[in-house]
A.B. asks: 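Right, I'll just put the structure down here and ask away after.
In this chain, residues are counted from 1 in sequence order. Quantities reported herein were computed from a predicted structural model and do not represent experimental measurements.
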Amino acid sequence: MAAQIISGKLLAAEVKKRVAGEVEQLKAQGINPCLAVMLVGSDPASQVYVRGKQNDCAECGIESRLVRLDENATQAEVLEQLGRLAADESVHGVLVQLPLPAQIDEQAVIAAIPPEKDVDGFTPVNVGRMTIGQQCFLPCTPAGCIEMLKYAGVAIEGKRAVVVGRSNIVGKPAALLLLRENATVTVCHSRTRDLAHICAEADILVAAIGKAKFITGDMIKPGAAVIDVGINRSEDGKLCGDVDFAAASEKAAFITPVPGGVGLMTRAMLLCNTVQAARMAAGR
Ligand code: NDP
């Protein structure tokens, strides 16, 4: 039986509607939620992502500001701009579009974002808070994955969850959030032995590898929920995930599509975090 598709499109639309309502309420109280995005250089993919974020904000009534810096910008220039955004009380969320040019120390820049404006949830303070279960901004992609599981009615507690990928922005936080939901979590990476066998034991499989159709049908446990984070181009030039969707849908009970899956929820969660930042700044 074919898997049920967890639509990022439908869920993101619901989330955006809710966010728009919250923005309206905040505006009625004189609070104007505002997200500042810093873009350094002119990486084409980054420009597309930034434009998407600006459009999402506009759709929900959130003000967005773009701070653009030249490809050759220095670390000091980036930090100076960040300092301005940090001090600007009319800016509630600050996001630095990654990747940054090679001359910039990415970790130092992330650490310079004030935790209370860190709507990407990437600063060491927010990562630490998430790890020990304190109130914080959750990183958008992993938070979106959890929302998708809940939306589909997939129980997480007590389940065997396997996350393939251990990056700081997806794999590691996804594992932590699944743990927080009381799953039993295994994290796999490029040095993992017998990956196929481990994946095939997963009730919940999160693929965040960055390799087109890497997870094949035989790596899926019958009845599993499969969350495909990957965004890749297949040989025919089409967008595809890290999971072989056609083969996996034959075995899984639930699966997220690419495109139309986790990517849209990532964007929606950023809007949620921005509204949360505005509310917190106003002491609400
Ligand atoms: P990274 O390249 O930072 O991490 C990839 C991870 O996959 C690493 O931990 C790596 O292991 C692991 N890996 C690589 N090869 C193998 C292998 N053969 N077997 C097992 N594990 C392997 O990528 P990201 O986490 O940033 O992104 C992952 C994917 O998700 C990409 O396609 C990216 O485009 C997409 N993405 C999608 C988002 C969305 O909104 N949908 C948001 C962010 C990313 P090791 O650590 O050992 O090197």
Side-chain angles (χ1 to χ4, degrees), residues 6-39 46-68 81-82 84-97 113-123 125-126 129-130 134-153 169 173 177 180-181 256 259-284:
I6 311 175
S7 167
K9 203 171 170 185
L10 290 180
L11 181 54
E14 270 184 28
V15 172
K16 279 185 182 173
K17 202 169 158 200
R18 197 183 67 221
V19 168
E22 288 171 9
V23 170
E24 219 170 279
Q25 281 178 9
L26 285 170
K27 282 185 172 169
Q29 299 165 41
I31 303 157
N32 186 26
C34 172
L35 171 71
V37 178
M38 186 185 284
L39 176 61
S46 292
Q47 294 190 56
V48 171
Y49 288 139
V50 167
R51 213 170 306 128
K53 286 166 188 170
Q54 289 180 300
N55 291 341
D56 290 340
C57 284
E59 222 181 291
C60 297
I62 295 174
E63 183 188 339
S64 69
R65 290 189 208 164
L66 177 60
V67 177
R68 284 202 78 150
Q81 289 297 335
L82 266 183
R84 283 193 197 165
L85 296 174
D88 187 338
E89 285 182 9
S90 67
V91 171
H92 304 107
V94 174
L95 177 156
V96 178
Q97 185 65 42
I113 299 170
E116 68 277 11
K117 296 190 180 187
D118 171 29
V119 285
D120 253 344
F122 289 169
T123 61
V125 170
N126 272 315
R129 285 181 183 156
M130 175 182 63
Q134 286 184 352
Q135 165 80 17
C136 63
F137 292 111
L138 297 180
C140 300
T141 301
C145 294
I146 301 289
E147 289 300 313
M148 293 182 94
L149 287 168
K150 290 185 175 172
Y151 174 67
I169 60 168
L177 293 186
R180 209 166 81 159
E181 298 289 337
T256 64
V262 176
L264 294 176
M265 277 308 291
T266 297
R267 287 165 56 172
M269 298 319 286
L270 176 66
L271 302 170
C272 294
N273 281 352
T274 303
V275 168
Q276 189 189 328
R279 207 183 291 119
M280 278 163 46
R284 309 287 151 97

A.B. asks: Calculate, to the nearest 0.5 Å, the distance between atoms CG and CG belonging to L271 and L35 respectively.
C.D. replies: 8.0 Å
A.B. asks: How close do G61 and V23 get, counting heavy atoms only, and between which atoms?
C.D. replies: O-CG1, 3.5 Å
A.B. asks: Hey, is OH on Y49 packed in by over 12 heavy atoms from elsewhere, all under 6.0 Å?
C.D. replies: no
A.B. asks: Does any part of the side chain of V19, heavy atoms only, come nearer than 4.5 Å to the side chain of I62, both counted from C-beta?
C.D. replies: yes
A.B. asks: For A281 and H92, work out which heavy atoms get closest and say how close.
C.D. replies: CB-CD2, 3.8 Å
A.B. asks: Answer yes or no: is there a side-chain heavy-atom contact under 4.5 Å between V262 and C145?
C.D. replies: yes
A.B. asks: Side chains of Q135 and Q276, heavy atoms from C-beta outward: is any pair under 4.5 Å?
C.D. replies: yes
A.B. asks: Should L270 and T266 count as side-chain neighbours, where that means a heavy-atom distance under 4.5 Å?
C.D. replies: no
A.B. asks: To the closest 0.5 Å, what do you measure between OG1 (T274) and CD (E63)?
C.D. replies: 12.0 Å
A.B. asks: Can you confirm whether E24 is buried at CD, in the sense that more than 12 heavy atoms of other residues, nucleotides or ligands lie under 6.0 Å from that atom?
C.D. replies: no
A.B. asks: Do V275 and R279 come within less than 4.5 Å of each other through their side chains, counting heavy atoms only?
C.D. replies: yes
A.B. asks: Taking CD in Q134 as the centre, count heavy atoms belonging to other residues, nucleotides or ligands within less than 6.0 Å. Is the count above 12?
C.D. replies: yes
A.B. asks: Would you check, one step at a time, whether the test side chain to side chain contact (heavy atoms under 4.5 Å, CB included) holds for S64 with V37?
C.D. replies: CA-CA 7 Å; S64 69; V37 178; 5.8 Å; no
A.B. asks: Quick check: closest heavy atoms across L138 and A143, and the distance to 0.1 Å?
C.D. replies: CB-CB, 4.0 Å
A.B. asks: Apply side chain to side chain contact (heavy atoms under 4.5 Å, CB included) to V50 and L66, showing your working.
C.D. replies: CA-CA 8 Å; V50 167; L66 177 60; 3.7 Å; yes
A.B. asks: Can you check side chain to side chain contact (heavy atoms under 4.5 Å, CB included) on L149 and E181, steps first, answer last?
C.D. replies: CA-CA 11 Å; L149 287 168; E181 298 289 337; over 6 Å; no
A.B. asks: Any chance you could measure E147, atom CD, to I6, atom CD1, to the nearest 0.5 Å?
C.D. replies: 12.0 Å
A.B. asks: Would you say the side chain of Q47 lies within less than 4.5 Å of the side chain of L39, judging by non-hydrogen atoms?
C.D. replies: yes
A.B. asks: For the backbone of S90 and the side chain of N32, can you confirm whether one donor and one acceptor N or O come within less than 3.5 Å of each other?
C.D. replies: no
A.B. asks: Is the shortest heavy-atom distance from the side chain of K16 to the side chain of D56 under 4.5 Å?
C.D. replies: yes
A.B. asks: Nearest 0.5 Å please: distance from the CE atom of M130 over to the CZ atom of R180.
C.D. replies: 8.0 Å
A.B. asks: Roughly how far apart are C57 SG and R267 CZ, rounded to 0.5 Å?
C.D. replies: 10.0 Å
A.B. asks: Would you give the length of the straight line joining atom CD of E22 to atom SG of C60, rounded to the nearest 0.5 angstrom?
C.D. replies: 10.0 Å
A.B. asks: Taking NZ in K27 as the centre, count heavy atoms belonging to other residues, nucleotides or ligands within less than 6.0 Å. Is the count above 12?
C.D. replies: yes
A.B. asks: Salt-bridged, D88 to R65, with N to O below 4.0 Å?
C.D. replies: yes
A.B. asks: Looking only at heavy atoms, which two atoms of C140 and M269 are closest? And how far apart?
C.D. replies: O-CG, 3.5 Å
A.B. asks: Keeping the roles fixed (side chain from N126, backbone from P115), state whether a donor-acceptor pair exists under 3.5 Å.
C.D. replies: yes
A.B. asks: Counting only N and O atoms by type, is there a donor-acceptor contact under 3.5 Å from the side chain of K117 to the main-chain atoms of V91?
C.D. replies: yes
A.B. asks: Find out whether Y151 and M265 are in side-chain contact, i.e. whether some heavy atom of one side chain is under 4.5 Å from a heavy atom of the other.
C.D. replies: no
A.B. asks: Where do K150 and I146 land on the side chain to side chain contact (heavy atoms under 4.5 Å, CB included) test, with the steps shown first?
C.D. replies: CA-CA 6 Å; K150 290 185 175 172; I146 301 289; 3.9 Å; yes
